[in-house]
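Please read the structure below before turning to the comments.
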Amino acid sequence: MKIQAPPGMRDFYPADMRLQNWLFDAWRRVSRSFGFSEYDGPIFEFLDLFTIKSGDEIVSQLFDFEDRGGRRFAIRPEMTPTLARMVAARANSLPRPIKWFSIPRMCRAEKPQRGRLREFYQWNADILGVDDVLADAEIIAVAVAFLREVGLTPEDVVVKLSSRPIATAVLASIGIEASQADRAFQLIDRYDKLGPNEFRRQWNEAYGPDVPGERLERYLTEASLEQCLDLVAAAGEQGVAARTQFESLLAHLESFGVMPFCKFDLRIVRGLGYYTGPVFEVFGRRSELRAVLGGGRYDDLTTMLDGPRVPGVGFGMGDAPMMELLKELGKLPELEEELDIFIIDADPQLFATVQELAAALRGHGLATDFSYKRVGVSKQFKQASARGARYALVVGSEYVERRELTVKNLERGEQIIVPADDLLRAPQEALQRV
RNA sequence: GUGGGUGUAGCUCAGUUGGCUAGAGCACCAGGUUGUGGUCCUGGGGGUCGCGGGUUCGAGUCCCGUCACUCACCCCA
């Protein structure tokens, strides 16, 4: 019987792993450049941690199980609850701002599709303990820095940006109170997918003919940022504050130099969940794929876990959708195996020397390998190339006679002869000569 | 979870209206080549044609089921 990988789960062969690590390296490099510290949590949590916040829909996507004591656990479907738990537990001793990132592996029991798997990695970056929209702006700047890092431009991707308070105020202006807004958010989120006719039908079904859905529709499709902000400011004191906040956010984004990537879009509302302030998603401009990144401000998460109030803002970026987008745009690098030195013997008698040299060079931290078979020099060179070695080292008669080695730079095709002692004393330096 | 499409070697694909021992390129292995690769020749291994059943003298080809992938819905990274 043949057993394959479970549905929606991946094997990472070395070539896949190189790409995966390339992505992870970029995530880590960018995170650290903004002063973020890496953290991680357990691969599964008590089931309650996820049900408290999320509700039935997420729960139906959980891989959950019982231990022998009957306790209910679930493999994490997202990182934010774990983050909230960890931060709440030490809320009083962590220096602010808390700037943390993680690359957790997570599972959801969804039906797999392109760019959506049942097991995936997700880059999470969050700033906690800060109310200021400066944090919101910086978290968006982190996301944009990554997009730039992998060679994407404003022609390739867009950060669509909105804000829960703004959306709430727009809804209030047509008579929908905050307590009834969830269904409206859902419909707004799906406006593009539904199309005008289906949107109107479902809108009337939800709110009846008295609520002027057409006016909302005009705001969704035609209104400028200024018009939306004016409408928000007209909604009273809170509205004025929301407007000031959003303008401040935009000013910070300008200062960080990321505005070319950003675009206000009232249709971004981020489903249900815990968002309380600005929200944003990243899309490929010409792509049919869904968002590769989603995030926003969540100020009440730790209090939902009975912890002290710790406001936060952050995002998640999935490895699968990001890789799909990069593939679509031809931005994936060609990565070869990385080997510094391949040692070749010109005479099978000298193989013991090959092994000794390999041991010494490996001791210097150089990735070194050699052929397992005593075949001709030509074949060994062929293997050296196939392995992606930067240098070939030939052990031959010059070693027997004068303790010298031939070093060939396989990228440039040039070679020199160096004393073996030089190479063993300072190999990096000796290699640089050719 | 619900519907549509696809399924031939590790990968990309041929395979005529069902008809001899199922093919190609790339990749892999070995040799030509006992001191020079990435860009040469030659040969080899590898497929129960996703799996199971049915129709037929005969099925990679037709039918049913199933599994996987994929697209749409749901939801989302």
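Below, each value reflects all heavy atoms present in this structure, side chains not excepted, and no hydrogens, waters or symmetry copies. Naming convention: chains lettered A, B, ... in sequence-line order (proteins, then strands); numbering from 1 in each chain. What you are looking at is a predicted structure, and each value in this text was computed from that prediction instead of being measured.
A/Ser378 has a side-chain polar atom (N or O) that falls below the 4.0 Å cut-off from OP1 or OP2 of B/G37.
Distance check on atom P: B/U56 versus B/G18 gives 16 Å, rounded to whole Å.
Among residue pairs with one or both ends in residues 357-370 of chain A, those qualifying as salt bridge (Lys or Arg N to Asp or Glu O under 4.0 Å) are A/Arg362-A/Asp369, A/Asp369-A/Arg387; sequence neighbours excluded. Pairs of residues two or more places apart, or lying in two chains, that qualify as salt bridge (Lys or Arg N to Asp or Glu O under 4.0 Å) and include a residue from residues 425-434 of chain A are A/Asp422-A/Arg425, A/Asp422-A/Arg433.
Counting heavy atoms from C-beta outward, A/Glu281 and A/Phe315 have side chains that stay 4.5 Å or more apart.
B/C73 atom C1' lies 14 Å from atom CD of A/Gln61, rounded to whole Å. The CZ-P distance, from A/Arg290 to B/C73, rounds to 12 Å in whole Å. Atom CG in A/Asp345 sits about 10 Å away from atom C1' in B/G35, given to the nearest Å.
Ion pairing of A/Arg105 with A/Glu119 is present here, as a side-chain N (NZ or NE/NH1/NH2) and a carboxylate O approach within less than 4.0 Å. Using a 4.0 Å cut-off between a side-chain N of Lys or Arg and a carboxylate O of Asp or Glu, A/Asp16 and A/Arg18 do not qualify as a salt bridge. Using a 4.0 Å cut-off between charged nitrogen and carboxylate oxygen, A/Asp64 and A/Arg72 count as a salt-bridge pair. Electrostatic pairing of A/Arg29 and A/Glu149 counts as a salt bridge here, judged by a charged N lying under 4.0 Å from a carboxylate O.
No donor-acceptor pair under 3.5 Å is formed between the side chain of A/Thr82 and the backbone N or O of A/Gly41.
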Listed pairs, N/O of protein and of nucleotides 68-72 of chain B, under 3.5 Å:
unit_1 : atom_1 : unit_2   : atom_2 : d
B/C69  : OP1    : A/Gly8   : N      : 3.2
B/C71  : OP1    : A/Arg114 : NE     : 3.0
B/C71  : OP2    : A/Arg114 : N      : 2.7

For nucleotides 43-45 of chain B, tabulate all protein N/O to nucleotide N/O atom pairs closer than 3.5 Å, reporting atom names and distance.
none

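Applying the side-chain hydrogen bond (donor to acceptor under 3.5 Å, both in side chains) criterion to A/Asn124, with sequence neighbours excluded, gives A/Gln122. Applying the salt bridge (Lys or Arg N to Asp or Glu O under 4.0 Å) rule to A/Asp345 yields the partners A/Arg374; only residues at least two apart in sequence or on another chain are considered. Considering only residues two or more places apart in sequence or on other chains, A/Asp40 meets the salt bridge (Lys or Arg N to Asp or Glu O under 4.0 Å) condition with A/Arg76. When the side-chain contact (heavy atoms from CB on, under 4.5 Å) test is applied to A/Asp265, the partners found at least two apart in sequence or on another chain are A/Lys160, A/Arg267, A/Ile268. Judged as a side-chain hydrogen bond (donor to acceptor under 3.5 Å, both in side chains), and not counting sequence neighbours, the contacts of A/Asp421 are A/Arg403.
Annotation: proximity of residues 380-395 of chain A to RNA chain B (heavy atom, distance under 4.0 Å) is found for A/Phe381, A/Lys382, A/Ser385, A/Val394, numbered in ascending order. Non-hydrogen atoms lying under 4.0 Å from RNA chain B are contributed by nothing in residues 331-338 of chain A.
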Task: Per-nucleotide protein contact string for nucleotides 5-10 of chain B, where B marks a base within reach and S marks sugar-phosphate only (heavy atoms under 4.0 Å, - for neither) - done: ------

